[in-house]
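Step one of this worksheet: look at the structure below.
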Amino acid sequence: MQTNTITREKVVTAKTERLTGSEAVVKCLLAEGVDVLYGYPGGAIMPVYDELFKYQDRLHHVLTRHEQGATHSAQGYARISGKVGVAMATSGPGATNLITGIADAQIDSTPMVCITGQVGSHLLGSDAFQETDIVGISTPVTKWNHQITKASEIPSVFAKAFYIAKSGRPGPVLIDITKDAQFEEFDFVYEKCTGVRSYKPVPNVDLAAVKNAAEIINAAKKPMIVWGQGVILGEAEKELKAVIEKAGIPSAWTILGASAVPTSHPLNIGMVGMHGNYAPNKLTNECDVLIAIGMRFDDRVTGNLATYAKQAKVIHFEIDPAEIDKNVKTDVAVLGNSKETLSLLLPLLEQKTHPEWHQEFKDLYKIEYDKVINNDLNPKKEGLTMGEVLKEINVQTKGDAAIVSDVGQHQMIACRYAEFTTTKSNITSGGLGTMGFALPAAIGAKMAAPERDVIAIIGDGGYQMTIQELGTIFQTKVPVKIVVLNNEFLGMVRQWQQLFFDKRYASTEMVNPDFVTIAKGYHIEAKRVDKREDLATSVKEMMEHDGAYFLEVRVEKEGNVFPMIPTGASVSDIRLE
């Protein structure tokens, strides 16, 4: 995005102070209400770390074991709190190690500010030690970025960065600061940014579009809602629930939208997408009105676009104009923050129940339950299933825990079967699908919400991508619960190899270490379960333990996740086996 003039109104620092650039960085973070940041020091960012040392009582720095872990921790912090997450690293490899987390935050609309050190401005472009063009590298995966070469730029750039990261459709921002700018002195005053010329984070609501949408919904015989994370980011959970209940509309969710409405709500019909529930996927191609709220019609949701909801009128509630008609042609687009637009829609809706339409969902759910769900949750086979582990976690937590899942089969099982009573409870890597996300993200989530149970659900493959963050848990004593569902495979890839590559399991079988011994090496209480009769007591022991806990559950090696929509197929072609 391109931005120009900054609008500043509220003065946070009333008087001018003579500060170094590095101290100004810390003062800016404090002025923005930052209480924790995640990072890894190095030469080019050392002056800022030196200043942080003086403010340990006000600004807690968490030393992660890898810079990627810092970004995922900042994401977990942001996703559960709604605040901006902050990560920091040095130049060169420190900065480039942030890129995966930044890209993940960009596609999943997570507000994050990343700060990187840079070589002295006189060395820029000289291939100096640990110099990389991190602004150029990060441009495609940031909402905005900027390189600071003069200390006097720091207050305005930081104010702009936090404003851009959090406003409108959130996203990651990167600030690169040369080392000489960190040492340079200047007269510091901080003013929060309240606007940037040419950047309009929230479009004006077209009341005619809202009225048009209401008329179409009121006339519908088979309406269906699919909501996404935009509802959670817009803090529109109450408004969505009110709309659903008044209009009597069966409503499904994308994986990032999960938990906005309680799982047990009678109008919550489950998850859409490649491994979503049978009924909402199948009936997407039978509804007469499809109402999309805060979602972007990702390919994992739509399947083959040529056959997606062609029979339906499509209404799209969305904050980002770029998403309108990008993938699915809309009949009515309602731009704006979902909290505002749904509030305007509600009084225009007629009270409806649609009993015959709801029965169609119930009938298809019965088919899915008999063929898939019952086998996942109440298996007759000898080996433990991932589904029954989630079922036991639901029993122990009563749906109040925040579930942080990694990427793979266990992620789909967690999203399908975790029960949620509270919003901001499903934290996972959606658009980028980053293995290694869950362990560091759970650290950030637990630090942001210490009063909540935070459980990381991870596969044995993704776990080993960021397993070093056990050191962060050991050092910080953050009491996260870690559940590794170990099938000794890269399970999702193996499933595809089984179904579409004649069981040629090329490079997907894992020879794993002793995970329990590794956890105990970090002084984390740990246990392994491989028998069904031990599962309930082990999960209970984990949840009641005062501190971090690692639980390895050895599940069936070649279990598959169904339903499944094959790549390129229509949502109508969803498979149950």
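Since we're looking at a predicted model, the values are computed, not measured.
- Remark: of the listed residues Glu235, Glu239, Glu237, Glu239 is the sole one forming a salt bridge (Lys or Arg N to Asp or Glu O under 4.0 Å) with Lys339.
- With no hydrogens or angles considered, a side-chain donor-acceptor pair links Thr428 and Gln411 at under 3.5 Å.
- Under 3.5 Å, the side chains of Asp502 and Gln497 contain no donor-acceptor pair of N or O atoms.
- Between Lys391 and Glu388 there is no salt bridge, since no side-chain N of the basic residue sits under 4.0 Å from a carboxylate O of the acidic one.
- No donor-acceptor contact under 3.5 angstrom links the side chains of Asp453 and Thr397, judged on distance only.
- Annotation: side chain to side chain contact (heavy atoms under 4.5 Å, CB included) contacts of Lys540 (sequence neighbours excluded): Gln396, Glu544.
- Side chains of Glu469 and His72: a donor-acceptor N/O pair is absent below 3.5 angstrom, by distance only.
- In summary, Asp320 and Arg169 engage in a salt bridge, as defined by a charged side-chain N under 4.0 Å from a carboxylate O.
- Of the charged side-chain nitrogens involved, none lies within less than 4.0 Å of a carboxylate oxygen, so that Glu382 and Lys531 do not count as a salt-bridged pair.
- Ring centroid separation for the pair Tyr369 and Tyr278 does not come in under the 6.0 Å cut-off.
- The pair Glu509-Arg494 does not count as a salt bridge, with every side-chain nitrogen at least 4.0 angstrom from each carboxylate oxygen.
- A donor and an acceptor atom, one from each side chain of Arg296 and Thr254, are nowhere located under 3.5 Å apart.
- Side-chain contact check for Ser570 and Asn304: no donor-acceptor pair (N or O, by modelled atom type) lies under 3.5 Å.
- Glu488 and Asn512 are not linked by any side-chain donor-acceptor pair at a separation below 3.5 angstrom, with hydrogens and angles left out of the test.
- Annotation: Phe562 is not in aromatic contact with His275 [ring centroid separation under 6.0 Å not met].
- Asp288 places none of its side-chain heavy atoms less than 4.5 Å from the side chain of Trp357.
- Judged by distance alone, the side chains of Gln311 and Glu286 never bring a donor and an acceptor atom under 3.5 Å apart.
- Ion pair Glu552/Lys527 not flagged as a salt bridge, since none of the NZ, NE, NH1 or NH2 atoms sits closer than 4.0 Å to an Asp/Glu carboxylate oxygen.
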